[in-house]
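First the structure, in the form of structure tokens, and then the observations on it.
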Amino acid sequence: MTTPSSSAVDPRLVTALSAECDSIGRQLRHMGQNLSILQAQLASTAVPAPVAPAPVASAPVVPVHPMQPVRPQQSVPAWQPPAYPVAAPRQPWWQRDGVISRLLAAAGVAVTLIGVVMLLVLAAQAGFFGPPLRVLGGALLSGALVFAGVRVHGRPGGKVGAIALAATGFAGMYLDVVAASVLYGWVATPLAVVIAFGIAAAGVALAVKWDSESLALMIVLGAAVLAPVLTSGISLTLIGFLFAIQSATFSAQLGRDWKYLGMARTVPVVLALLVATASESIFNESGNSSLQLVISAVVVAGVGVGCAMALQWTGSPSRDGVAGAWSTATFVVSTLPLMSVGAVLGNTESAVLYGIAAALLLSAAAAAKPLPTQLRFGLGATGALALLLCCLSGASESLVVPLVLTVGMIFLGVSLHAGSRFVFALGTAFAAIGSIGYLTTVPPEALTTARAASMQLGAITALSSLTAIGALVMLVWAIHRLKLVADTNAAVLWAAAGFGVLYAVTCALVSSGVEIFDSATGFVVGHSVATIVWMLAATSALVLGLNNRQHARVLLGAGLALTSAAVAKLFLFDLATLSGLVRSAAFLVVGLLLLLVGTRYARAFAKQEQVSSASGER
């Protein structure tokens, strides 16, 4: 800056000094505000007691520029340590609300019902009182307990006691009716079953009114557990009374998610039927008893299917979730006696029974679209099990394997058409069972000598081999079409399946040779053709590897492995076992195929070198 020649004051210098003073003033004010905030924070964290604030030196007064606003001082809240939630101490289970009272009530129900049974049975054995007094006393005691439960329920804190009293009363009345029919013969069994049905229905009606699944469970379990004592074990009469419980208590589940009640009312009659069926099949009792067991099993399974469908129909609270799963499990349990009752029937009768059951269950699974998926899976699984039992019962031992494999192919074909992985799983299960049976009937040692082949192989094993080939190919195709494996692994899957197919082809060829010719000639011809087929498969894999770059490595490995196996079989087995013209034909065909595939690969590599050299010259 140059000094002006005149003695007058320079206005530019005055303006510059004024701006510098304004800037210094703003910085001093900002520093004073920060010091005040820091002092307040130190005062709030240093001592907990309130302390008078120390005077703060004010900043020097500096003229403020008229266009610069002054920022107000902001108040900063005092720092507080973070508050972590403190977990409440866990209360022991026996101190929780209602646990002790529920345990005592359940124990009271059990002890009281045992006392009722002792009154009805032990008093009769000892000759105490008289039959009318025993039955009448049990009925009066049960009625009084129900009446007391109704009276107690409306009082404060009386719900647990009311449930226990009512459950004991209804179960006692049920057992009293069983005793009147079985022990004393006062009431015909069909009429007694109807009366027991009404008592159970009345009990669950009260449970519905009180909205208590515990009451329904106590009635069902109390009556079902102690009823065998009055009937002196498992009998058709006991099955009838337990069936009354199963059917009478179903209505309580409609519109409610009472998941445990379904299993509680179904398991007792199922266990009784299973025990009765096992006893009948072991001790060979009368034919009438077998027929009654079959009818009972059909009825119990029918009730289980109907109840499951009614509970899981559209809009029901038990349709999905845990309650729906329990309902499906209850239905599956109800079909167990039907699946086991074939033990008391002949093969033809069992095949007819299981065939009808399979047709009905599979049709229901396919047609019942409004039903939830889990119930349809249950229907399909039980139907498939019935179909498997039909195959095992209806077919002769030699035809079981091809029949099961054929059913597996049908399921796999349906899964391809419908795109259903569940149906694919059913087909896979049948294919696996059939494959295990196939390896049992056609073991590898049956292919080693002509004598073993003549004893174990024939037309049936050839048929089994063809069905095994079809099932294996259909299985791999379904896996590929349903996208169960990545496309990059498809070649590996087909290559692995190819070795299984070659084993089945070998078994089919040797079996056909043994069946068509005599054992020695058929064995030689079958193995010769099998060696040629092995080499054809190897040639196909190698040639396909040249044309398919994506899976070239897998196809090349499979082709070389098959080539090695075919050549090894030719020199190690065929050369020592086969003889004459057949052996010469096998060597000629395998040699020509080796020359063909070798020439094909040489041309491919030569063409590749020409392309590489041409691109290099450019």
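Bear in mind the structure is a predicted one, so any value in this text is a computation, not a measurement.
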Would you give the length of the straight line joining atom CD of Q374 to atom OG1 of T328, rounded to the nearest 0.5 angstrom? 4.0 Å
R421 vs L484 side-chain heavy atoms within contact, under 4.5 Å: yes
Gap between atom CG of L457 and atom CZ of F523 - 0.5 Å precision: 9.0 Å
From CE (M339) to OG1 (T382), nearest 0.5 Å: 5.5 Å
So, for A381 and F422, which heavy atoms are closest and what is the spacing to 0.1 Å? N-CZ, 3.8 Å
Check side chain to side chain contact (heavy atoms under 4.5 Å, CB included) between E515 and all other residues, then give those that pass, not counting sequence neighbours. A459
Q456 and P443, any side-chain heavy atoms less than 4.5 Å apart: yes
Just verifying a value: how many Å separate E280 CD and I234 CD1, rounded to the nearest 0.5 Å? 14.5 Å
How far apart are the closest heavy atoms of A308 and L375, and which atoms are they? O-CD2, 3.7 Å
Nearest 0.5 Å, what's the OG-CZ distance between S435 and F430? 13.0 Å
Taking the side chain as every heavy atom from C-beta outward, state whether Y503 and L447 have any atom pair closer than 4.5 Å. yes
Report the C-alpha distance between V269 and I245 in whole Å, list the side-chain angles of each, state the deciding distance to 0.1 Å, and finish with yes or no for side-chain contact (heavy atoms from CB on, under 4.5 Å). CA-CA 9 Å; V269 67; I245 293 179; over 6 Å; no
Scanning both residues in full, the closest heavy-atom pair of A504 with I469 reads CB-CG1, 3.4 Å
Could you tell me whether the side chain of S327 reaches within less than 4.5 Å of the side chain of T330, counting heavy atoms only? no
Distance-only, no hydrogens or angles: does the S334 side chain make a donor-acceptor pair with backbone N or O of F331 under 3.5 Å? yes
Between S393 and C390 (side chain of the first, backbone of the second, donor and acceptor by atom type, cut-off under 3.5 Å), is there such a pair? no
State, with a plain yes or no, whether a side-chain heavy atom of L387 is found less than 4.5 Å away from one of F411. yes
Using modelled atom types and a 3.5 Å cut-off, is there a donor and acceptor pairing between side-chain atoms of Q253 and backbone atoms of L261? no
Note, L236 side chain near I239 side chain (heavy atom, < 4.5 Å): yes
Side chain T335, main chain L338, donor-acceptor under 3.5 Å: no
With side chains defined as the heavy atoms from C-beta onward, is the minimum distance between Y438 and S465 less than 4.5 Å? yes
Taking every non-hydrogen atom, the tightest pair across R376 and A366: NH2-O, 4.0 Å
Sub-3.5 Å donor-acceptor pair from the side chain of T531 to the main-chain atoms of H527, do we have one? yes
Hey, could you give me the CG/CG distance between L475 and L405, rounded to the nearest 0.5 Å? 11.0 Å
Side-chain contact, heavy-atom cut-off 4.5 Å: F243 with V193? no
For the pair L353 and V298, evaluate side-chain contact (heavy atoms from CB on, under 4.5 Å) and give the outcome as yes or no after the intermediate values. CA-CA 9 Å; L353 176 64; V298 171; 4.2 Å; yes
Judged by modelled atom types alone, do S511 and T461 share a side-chain donor-acceptor pair under 3.5 Å? yes
Are V407 and C391 close enough, and set up right, to give a side-chain contact (heavy atoms from CB on, under 4.5 Å), and what steps lead you there? CA-CA 9 Å; V407 173; C391 296; 4.0 Å; yes
Under the criterion side chain to side chain contact (heavy atoms under 4.5 Å, CB included), which of L389, L392, L345 is the partner of S350? L345
Flag yes if more than 12 heavy atoms outside F377 fall under 6.0 Å of its CZ atom; otherwise flag no. yes
S279 side chain vs V275 backbone, donor-acceptor pair below 3.5 Å: no
Which atoms form the tightest heavy-atom contact between L242 and A272, and what is the distance? CD1-CB, 3.8 Å
Can you give me the closest heavy-atom contact between L362 and G380, atom names plus distance? CD2-O, 3.7 Å
Restricting to pairs with a member in residues 338-349, which pass side chain to side chain donor-acceptor pair (under 3.5 Å), not counting sequence neighbours? none
May I have the step-by-step check of side-chain contact (heavy atoms from CB on, under 4.5 Å) for F424 and T428, ending in yes or no? CA-CA 6 Å; F424 166 80; T428 303; 3.4 Å; yes
